[in-house]
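One structure is given here, and the rest of the page talks about it.
In the text below, chain A, chain B and the rest are named by the order of the sequence lines, each starting its count at 1.
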Amino acid sequence: MTKADLVDIIFGKVGLSKIESQNIIEMIFDTIKATLVEGESVKVSGFGTFNVKKKNARRGRNPKTGDELQITPRRVITFRASNHFKDMIEKTDA
Amino acid sequence: MTKSVLIDKVAERVEGLTRKQTEIIVETVFDGIKEALAKGEKIEIRGFGNFRLKQRKPRKARNPKTGEGVDVPAKRVLHFKVGKALRDALNAQ
């Protein structure tokens, strides 16, 4: 499933045109992104929580060459599915 | 940010859409993602990230309190991989 499929799902739902549907899908994900970039977590009840975590600098190794290198400090996103969503997934057998 | 704040912000930014309509859309989007994943489908939101299911093998674990062995059955877990655009934006400074 891609953004185009999400557009199809909401298209016609509340009388939106295709273009408007596309815009709103972009806007939903842009708003979540902008919030995360500001360092704030996003909690979507019934779905899950996106958190921003800070990682300190550490020494790593290039697994291909074995060279040691410094890994720069960075921010990463973690996602935790809500309990309802987790239960739904555990039952999946695809 | 909670879902209701997300709905407020999206409703503000889209002309001609009421809050109620925006709420229906936001709920429909997340329900749609959930349903597709529950069917075993992979979700790719370009610039944001991908959601997919990973299979965990059954394993033997131990109750740390009693030391008793317990069988943990095979299960599926959700995996989110952040997209390149978002990863770059997070580490732009």
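Both Ile45(B) and Val52(A) sit in one connected hydrophobic cluster of ILVMFWY residues. Membership requires side-chain heavy atoms under 4.5 Å apart, directly or through other members. Taken together through direct or relayed side-chain contacts under 4.5 Å among Ile, Leu, Val, Met, Phe, Trp and Tyr, Phe79(A) and Leu53(B) form part of one hydrophobic cluster. Note on Val5(B): it clusters hydrophobically with Ile25(B), by side-chain heavy-atom contacts below 4.5 Å among ILVMFWY residues.
With chain B as partner, the option from Gly48(A), Gly46(A), Ser45(A), Ala4(A) having the largest number of non-hydrogen pairs under 4.5 angstrom is Ser45(A). With chain B as the partner, the residue from Thr72(A), Ile24(A), Asp30(A), Val76(A) showing the most heavy-atom pairs under 4.5 Å is Ile24(A). The candidate from Val82(B), Asn50(B), Leu6(B) with the greatest count of non-hydrogen atom pairs under 4.5 Å with chain A is Leu6(B). Per-residue counts of heavy-atom pairs under 4.5 Å with chain B were compared for Thr2(A), Thr31(A), Leu6(A); the largest is that of Thr31(A). Ranked by non-hydrogen atom pairs under 4.5 Å with chain A, the options Lys81(B), Lys34(B), Lys75(B) are led by Lys34(B).
Counting all heavy atoms, side chain and backbone alike, Leu90(B) lies closest to Leu36(A) at CD2-O, 3.8 Å. The two residues Gly32(B) and Ile9(A) have their closest heavy-atom pair at CA-CD1, 4.2 Å. The shortest non-hydrogen separation linking Ala38(B) to Met88(A) is CB-CE, 3.8 Å. Considering all non-hydrogen atoms of both residues, Glu40(A) and Met1(B) come closest at OE2-N, 2.7 Å. When all heavy atoms of Asn91(B) and Arg75(A) are compared, the closest pair comes out as OD1-N, 2.7 Å. Taking all atoms of both residues into account, the shortest heavy-atom contact from Met1(A) to Glu41(B) is N-OE2, 3.1 Å.
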Give the intermediate values and the outcome of side-chain contact (heavy atoms from CB on, under 4.5 Å) for residues Thr2(B) and Val42(A). CA-CA 6 Å; Thr2(B) 59; Val42(A) 177; over 6 Å; no
Should Phe85(A) and Leu37(B) be marked as a side-chain contact (heavy atoms from CB on, under 4.5 Å) after you check the CA-CA gap, both sets of side-chain angles, and the distance that decides it? CA-CA 10 Å; Phe85(A) 194 6; Leu37(B) 275 166; 3.6 Å; yes
Intermediate values then yes/no, side-chain contact (heavy atoms from CB on, under 4.5 Å), Arg87(B) and Arg74(A): CA-CA 9 Å; Arg87(B) 196 172 60 224; Arg74(A) 64 192 62 213; over 6 Å; no
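The CD1 atom of Ile10(A) sits 13.0 Å away from atom CD of Glu27(B), with the distance rounded to the nearest 0.5 Å. Atom CD of Glu15(B) is separated from atom CD of Glu20(A) by 10.0 Å, given to the nearest 0.5 angstrom. Here the CE-CG distance, from Met27(A) to Leu17(B), works out to 10.0 Å after rounding to the nearest 0.5 Å. Atom-to-atom distance recorded for Glu90(A):CD and Arg56(B):CZ is 11.0 Å, nearest 0.5 angstrom.
By the 30° and 60° cut-offs, the orientation of the rings of Phe48(B) relative to Phe50(A) is perpendicular. Using bins of under 30°, 30° to 60° and over 60° for the plane-to-plane angle, the ring pair Phe47(A)/Phe51(B) lands in the perpendicular bin.
Contacts between Arg13(B) and chain A at a heavy-atom distance below 4.5 Å involve backbone atoms as well as side-chain atoms. Looking at Ile24(B), only its side chain comes within 4.5 Å of chain A, counting heavy atoms on both sides. In this structure, chain B has no heavy atom under 4.5 Å from any part of Lys86(A). Proximity to chain A involves both the backbone and the side chain of Val29(B), based on heavy atoms less than 4.5 angstrom apart. If you measure heavy-atom distances from Lys42(B) to chain A, the contacts under 4.5 Å come from the backbone alone. Contact annotation for Ile7(B): neither backbone nor side-chain heavy atoms come within less than 4.5 Å of a heavy atom of chain A. Heavy-atom distances place both the backbone and the side chain of Ile32(A) under 4.5 Å from chain B.
In this structure the side chain of Val44(A) never reaches within 4.5 angstrom of the side chain of Val26(B), judged on heavy atoms.
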